[in-house]
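Have a look at the structure below before the remarks.
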Amino acid sequence: MLNAGIAADSYTFSCILKCFAASGSVKNGEWLHGYLLKLDLAACSCSVVNSLLSFYAKVGRVESARKLFDELPQRDVVSWNSMISGYVANGGSEEGLEVFKEMTSSGTKPDIFTLSAVLHACASSGSLESGKSVHNYITGQGLESNLFVCNALMDMYAKCGSMEDASLVFSQMPVKDIISWNTIIGGYTKNDLPNEAVHHFATMVSGKWEPDGRTISCILPACASLSALNMGRQIHCHVLRNGHHLSDDRHITNALVDMYIKCGALVLARSLFDTMIPSKDLVSWTVMIAGYGMHGFGKEAIRAFEEMRRDGIKPDGVSFISVLYACSHSGLVNEGWRFFNIMQKECKIEPSLEHYACMVDLLSRSGKLQMAYEFIKGMPIKPDATIWGALLCGCRIHHDVKLAERVAEHVFELEPENARYYVLLANIYAEAEKWEEVKELRVKIGRRGLKKHPGCSWIEVKGKVHVFVAKDGSHPEVRKIEALLRKVREGMKKEGFSPKLRYALMNGDDLEKEMALCGHSEKLAMGFGILNLPPGKTVRVMKNLRVCRDCHEMAKFMSKTTGREIILRDSNFFHHFKDGSCSCRGFW
DNA sequence: ATAGGGTTAG
């Protein structure tokens, strides 16, 4: 065009800059910038300058954008907006908020584009405080009903962890669109409120809204965390019914594979994973590797990791966490060390706190408690409570009270308000029959007013979820279940399996301890499943905390005597019981 | 006909 002697106008330049931005052609854009300077066109056309600003932001040259922005003789609202969103898109939330302040004090009135960029900045820096002040500003401007603004507000509140505020915005919106629904559902899912997510999904569907791919990707992790296999299956059916535009979406398939894994359906997950030829990406592999780890198949996890690398996919930090966890859950200490080294030396990935936590977990689970302690001491970054907590868990498994006390000091100093760790130490004392120390800790928990999560287990039978809490006799069939469990216990004793009384975690005589063990929620749920599910059907039980060792023994025994498979999902691991043994082979 | 915005999977 230029060679033909046809003069380009500002529209031409805007179009071509958009092209350069989309293809990431930094050189071409910079050349055009120089060309425009010679023509002095940049000075007279706001739209061209703003195109240039947006070009620099999109190719990640936010410094060049800033330089151009600073030299502008006049700025309109789009210039300000481009500068703010340029910063935000390149990880400069703080700078974006600074520019916003400059903008308001310079007398340029922010519009809804400005506000969504600024809200995005608050969201990615996770600062609820600045988000709220922007919300106040929005209300002052009378923009609190605008659809775009509300969607951005909800997303900001969700990312800052306040679903109360997000749902308040949602409920007051005069008009909603699919993005509003996706944002609120995804917000609940990410903030670990899966029941709320499911509730909103149900409301959405019954309100004649058609879920799209994003909705599906938002709701599946909620099914996964609830272990709601039937609901997950129904959503999978919806995806299949709605044809290619949904089922070809890799986000959805990856989320489906993850859902099946976390619902205990590893075989289904693997066959779906296998259909993803050749479109498996890093996330697909990571999900599968983590899945094998969670189900106790460490060797398969390693095989998958190596297959992924052979396929030319470069592992990232998250995929290393998956493989390290898999090693730790299967007691593969040497392999774990190997991957920890590969990660740093070959892949040049700096280990994060999570990687260190995996290593501590790996060492302490396999009984190398002292080594784990030294490992923590030698960390180049400051260990947090989860790191020390992993070692504390190891101390419990291997009954090391002395080390536990030293470790607990670190944990309590770092997270004095987390009841979990006090309970953990109390359990360690209880298992060692140190009742005075147990009492002291209970007093401490009470004095601090801390709330601990009661253990509970649940099971789905005929479409209904039955929840059991330890020692809770409220379920109508609890007498029948207890009778069954007593019979199982007698059978176990006859074959020489005595009850693991130390896990009763109470001071008393043997009979009292046996009674307490019998009331554990996972036993009640398993017993209920055996009594109410058709013969031969797999019993799938979920528990919010870790499985008790005595319950683990009993599950093994019952899988043999009833000829049923039992799948027990606890807070982070699956146990598959079959013919008297468990897939975890003692590691968990 | 020209520049800027909101929601997904590990």
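Identified under the salt bridge (Lys or Arg N to Asp or Glu O under 4.0 Å) test for residues 94-104 of chain A, with sequence neighbours left out: A:Arg66-A:Glu102, A:Glu98-A:Lys101.
Using a 4.0 Å cutoff to heavy atoms of chain A, the contacted part of DNA chain B runs 5' to 3' from B:dA1 to B:dG10.
A:Ser82 comes within contact range of the sugar-phosphate backbone alone, with a heavy-atom separation under 4.0 Å but no base atom that close. Nucleic acid contact class of A:Leu282 (heavy atoms, under 4.0 Å, all strands): base. Within 4.0 Å of A:Val287, counting heavy atoms only, lie sugar-phosphate atoms of the nucleic acid but no base atom. Among the heavy atoms of the strands lying under 4.0 Å from A:Lys58 are primed sugar atoms or P, OP1, OP2 only; no base atom is included. Heavy atoms of A:Leu147 sit under 4.0 angstrom from at least one base atom. Across all strands, A:Lys280 comes closer than 4.0 Å to no nucleic acid atom at all (heavy-atom distances).
Taking the charged nitrogens against the carboxylate oxygens, A:Arg250 and A:Asp281 do have a contact shorter than 4.0 Å, which makes a salt bridge. Electrostatic pairing of A:Arg338 and A:Glu306 counts as a salt bridge here, judged by a charged N lying under 4.0 Å from a carboxylate O.
Residues that satisfy the side-chain hydrogen bond (donor to acceptor under 3.5 Å, both in side chains) test with A:Thr386, not counting sequence neighbours, are A:Asp384.
Taking every heavy atom of residues 92-112 of chain A and every atom of DNA chain B, pairs under 4.0 Å involve A:Asp111, A:Ile112, by number.
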Side-chain donor-acceptor pairs under 3.5 Å in residues 287-300 of chain A, sequence neighbours left out?
unit_1, atom_1, unit_2, atom_2, d
A:Tyr292, OH, A:Arg270, NH1, 3.1
A:His295, ND1, A:His576, NE2, 2.8
A:His295, NE2, A:Ile261, O, 3.0

Give the table of side-chain donor-acceptor pairs shorter than 3.5 Å for residues 51-61 of chain A, with sequence neighbours excluded, one pair per line with atom names and distance.
unit_1, atom_1, unit_2, atom_2, d
A:Ser51, OG, A:Ser14, OG, 3.1
A:Ser51, OG, A:Ser47, O, 2.9
A:Tyr56, OH, A:His33, ND1, 2.7
A:Arg61, NH1, A:Glu30, OE2, 3.4

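Under the 3.5 Å distance criterion, with hydrogens and angles disregarded, a donor-acceptor pair is assigned to the side chains of A:Asp177 and A:Ser180.
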For ring pair (Phe, Tyr, Trp, His ring centres under 6.0 Å), just list the numbers for A:Trp285 and A:Phe305, CA-CA rounded to whole Å, side-chain angles, deciding distance to a tenth of an Å, and then say yes or no.
CA-CA 7 Å; A:Trp285 283 102; A:Phe305 191 87; 9.5 Å; no

